[in-house]
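Written below as structure tokens is the structure these notes are about.
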There are 2 protein chains.
Amino acid sequence: MPFKRTNPLALAVLALLSERPMHPYEMAQTMRERHQEEVIKLNYGSLYTVVESLHRHELITASATQKAGNRPERTVYAITDPGTTELHDWLRELIAVPATEYRRFEAGISLVGLMPPDDALAAVEQRSAGVDAQLTALAVLLERLAGMGLPQLAWIELDYRMAMLRAERAWLTWFATATRDGTVGGYSAWEDKHR
Amino acid sequence: MPFKRTNPLALAVLALLSERPMHPYEMAQTMRERHQEEVIKLNYGSLYTVVESLHRHELITASATQKAGNRPERTVYAITDPGTTELHDWLRELIAVPATEYRRFEAGISLVGLMPPDDALAAVEQRSAGVDAQLTALAVLLERLAGMGLPQLAWIELDYRMAMLRAERAWLTWFATATRDGTVGGYSAWEDKHR
DNA sequence: ACCGCTATATTCGGTGCCGAGTATTCGGGA
DNA sequence: TCCCGAATACTCGGCACCGAATATAGCGGT
């Protein structure tokens with residue numbers, strides 16, 4: 001059966017190996033250094049499973065098994081030509097096709113009617129504060145990265161995330177005021193149910 | 001070990017049972033009718049696993065095993081008091097605490113430098129069109145729901161989603177023009193690498 | 001009366017993901 | 001010199017998740 005594009009960690013592996021051959025642990029280190037783990041979930045168990053899967057599908061090859069010093073052997077992998085093709089195709093797909101993502105907040109807010117308006121308001125305000133904190137943290141980080149001379153393309157995903165967070169904050173603010181003022185559609189029924 | 005709040009489908013189950021007792025298949029039907037499956041991933045295999053897990057943790061009880069007609073027996077479940085508490089706590093957490101979600105598009109765009117600018121531009125424009133289509137589809141749906149007399153609270157999550165999609169479209173438009181004009185930071189190095 | 005289609009209701013084997021556990025080496029302080 | 005903790009490198013069992021398969025019941029048409 002063909003390779004399935006499920007775990008984005010496999011994409012990260014292909015991307016790293018497109019630079020130079022590496023062994024799995026080194027991939028993890030590199031991802032950490034570059035803060036890639038903030039964007040792609042990294043986890044040792046999954047890393048080795050994913051590498052093995054890529055190997056089975058011949059998208060990468062075991063180029064060498066070194067034994068430096070007396071450490072446990074480590075297998076160094078390299079990307080293959082089919083692997084490079086897969087990398088580019090997958091990348092294009094991820095960018096070009098908006099997939100249906102199930103966000104946890106959407107699940108929560110869709111059931112907000114189950115709690116009393118007061119509690120809901122408090123929860124939303126708490127989230128608002130949390131989003132605010134994330135925004136300032138991101139702004140600081142961007143400042144630092146720009147100060148280090150890194151080009152915008154190197155942290156373009158953070159730029160995107162900031163835009164999304166700002167939009168979320170705006171929506172949360174709207175919802176909070178609409179709840180406080182009782183102007184959200186269906187408010188009276190909502191209030192009545194919880195007393 | 002305690003119950004883990006991983007699969008939001010379990011939340012949906014608790015929410016449904018907070019209305020009235022049901023058997024699993026009925027939960028699935030109800031979720032479909034209410035379009036909840038657009039927000040919470042529904043899948044038969046997972047549904048039965050999740051129900052079993054909730055049962056093990058005594059958040060729901062098997063209230064009866066009917067055998068209507070000559071159909072296979074079906075187990076009807078009901079929510080317990082601890083289950084109700086769990087429902088409300090979980091709900092509050094989902095709304096109040098912004099969790100780190102790993103979005104597929106962020107993974108893709110963070111590696112956009114790996115493809116040539118022309119290809120990247122085409123991919124982004126394709127996504128833009130896709131997002132546009134989703135937005136108009138959502139607008140039509142909202143129109144219909146409002147026309148049916150449903151209060152805004154009943155489709156509040158779609159309102160949120162529209163806001164997010166609009167923000168994404170704006171960002172995509174910005175990125176597309178910045179790429180076309182070569183004004184995105186680090187453009188020259190990007191172009192140089194791919195020739 | 002019989003055929004076949006859809007709806008009802010659940011089971012089950014496979015797979016991928018997870019994170020705690022293991023084993024070794026290296027560097028630094030007393 | 002010896003010990004301890006951090007870093008290196010990977011392994012493994014468990015479990016949640018998935019979706020295709022199964023089995024029966026009702027219902028409309030000929």
Side-chain angles (χ1 to χ4, degrees), chain A residues 1-13 16 21-33 37 40-57 59-60 62-77 99-102 104 107, chain B residues 1-13 16 21-33 37 40-57 59-60 62-77 99-102 104 107:
Chain A
M1 57 191 139
F3 175 76
K4 278 181 187 168
R5 293 169 179 174
T6 47
N7 197 341
L9 185 55
L11 183 78
V13 168
L16 289 168
M22 285 189 195
H23 57 96
Y25 191 80
E26 193 184 355
M27 300 174 199
Q29 299 308 307
T30 316
M31 285 186 67
R32 292 249 149 91
E33 280 165 21
E37 48 163 356
I40 295 176
K41 185 151 67 183
L42 169 60
N43 152 325
Y44 285 102
S46 312
L47 178 59
Y48 285 87
T49 331
V50 145
V51 163
E52 196 201 319
S53 161
L54 288 170
H55 191 213
R56 264 206 321 277
H57 291 88
L59 301 174
I60 62 178
S63 73
T65 62
Q66 322 178 333
K67 202 176 173 179
N70 217 359
R71 306 243 195 81
E73 322 192 321
R74 28 182 225 184
T75 315
V76 176
Y77 293 91
T100 54
E101 312 230 29
Y102 296 89
R104 304 161 59 89
Chain B
M1 57 190 141
F3 175 74
K4 278 182 188 170
R5 293 168 180 176
T6 48
N7 197 342
L9 185 55
L11 182 77
V13 168
L16 289 168
M22 287 189 195
H23 56 97
Y25 189 80
E26 195 183 355
M27 300 174 198
Q29 299 309 305
T30 316
M31 284 186 68
R32 293 249 149 92
E33 279 165 22
E37 48 163 356
I40 295 174
K41 185 151 67 185
L42 168 60
N43 154 325
Y44 284 102
S46 312
L47 178 59
Y48 284 86
T49 335
V50 145
V51 163
E52 196 202 319
S53 161
L54 287 170
H55 190 215
R56 264 207 321 277
H57 291 88
L59 302 173
I60 62 178
S63 73
T65 61
Q66 322 178 332
K67 202 176 173 178
N70 218 356
R71 305 241 196 83
E73 327 192 316
R74 26 182 227 186
T75 317
V76 175
Y77 294 91
T100 55
E101 313 230 28
Y102 296 88
R104 304 161 59 87

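Source: prediction; values computed, not measured. By convention in this document, chain letters (A, B, ...) are assigned in the order of the sequence lines, proteins followed by strands, and residues within each chain are numbered from 1.
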For this session: Please work out if B:T6 contacts a base, only the sugar-phosphate, or nothing of the nucleic acid, heavy-atom cut-off 4.0 Å.
Result: sugar-phosphate

Exercise. Does B:Y48 place a side-chain N or O at less than 4.0 Å from the phosphate oxygens OP1/OP2 of C:dT10?
Worked result: yes

Exercise. Between D:dC17 atom C1' and B:E52 atom CD, what is the distance in whole Å?
Worked result: 13 Å

Problem set entry | Nearest-nucleotide 5' precedence on DNA chain D, B:R56 against B:N43 | B:R56

Seminar exercise, completed: Comparing nearest nucleotides in DNA chain C, the 5'-proximal residue of the pair B:Q29, A:K41 is B:Q29

Exercise. Rounded to whole angstroms, how far apart are CE on A:M22 and C1' on D:dC10?
Worked result: 18 Å

Problem set entry | Donor-acceptor pair, side chain of B:S53 and main chain of B:T49, under 3.5 angstrom | no

Exercise. Which nucleotide sits closest to the side chain of A:H23: D:dC10, C:dC17, D:dC17?
Worked result: D:dC10

Exercise. Minimum heavy-atom separation for A:Y102 to B:E101, with atom names?
Worked result: O-OE1, 4.3 Å

For this session: Can you figure out which of C:dT10, D:dA16, D:dA9 approaches the side chain of A:R74 most closely?
Result: D:dA9

Exercise. Could you give the distance from OG (A:S63) to NE2 (A:H23), rounded to the nearest 0.5 Å?
Worked result: 10.5 Å

Problem set entry | Protein-nucleotide distance (A:M31, atom CE; D:dT8, atom P), rounded to Å | 16 Å

Exercise. Hey, are the side chains of A:L42 and A:R32 touching, using non-hydrogen atoms and a 4.5 Å cut-off?
Worked result: yes

Exercise. When the distance from NZ of B:K4 to P of D:dC17 is rounded to whole Å, what number comes out?
Worked result: 11 Å

Problem set entry | Distance below 4.0 Å between A:T49 side-chain N/O and C:dG16 OP1 or OP2 | no

Problem set entry | Rounded interatomic separation in angstrom, taking CD from A:E37 and P from C:dC18 | 14 Å

Problem set entry | Atom pair distance, as rounded to whole Å: OH in A:Y44 and C1' in D:dA7 | 9 Å

Problem set entry | Between P of C:dT10 and CG of B:L42, the distance in whole Å | 14 Å

For this session: With the side chain counted from C-beta on, respond yes when B:M31 and B:L47 share a heavy-atom pair under 4.5 Å apart, and no when they do not.
Result: no

For this session: Whole angstrom is fine here: how far is it from OH in A:Y25 over to P in C:dG19?
Result: 17 Å

Problem set entry | Residue-phosphate contact under 4.0 Å: B:N7 side-chain N/O, D:dC17 OP1/OP2 | yes

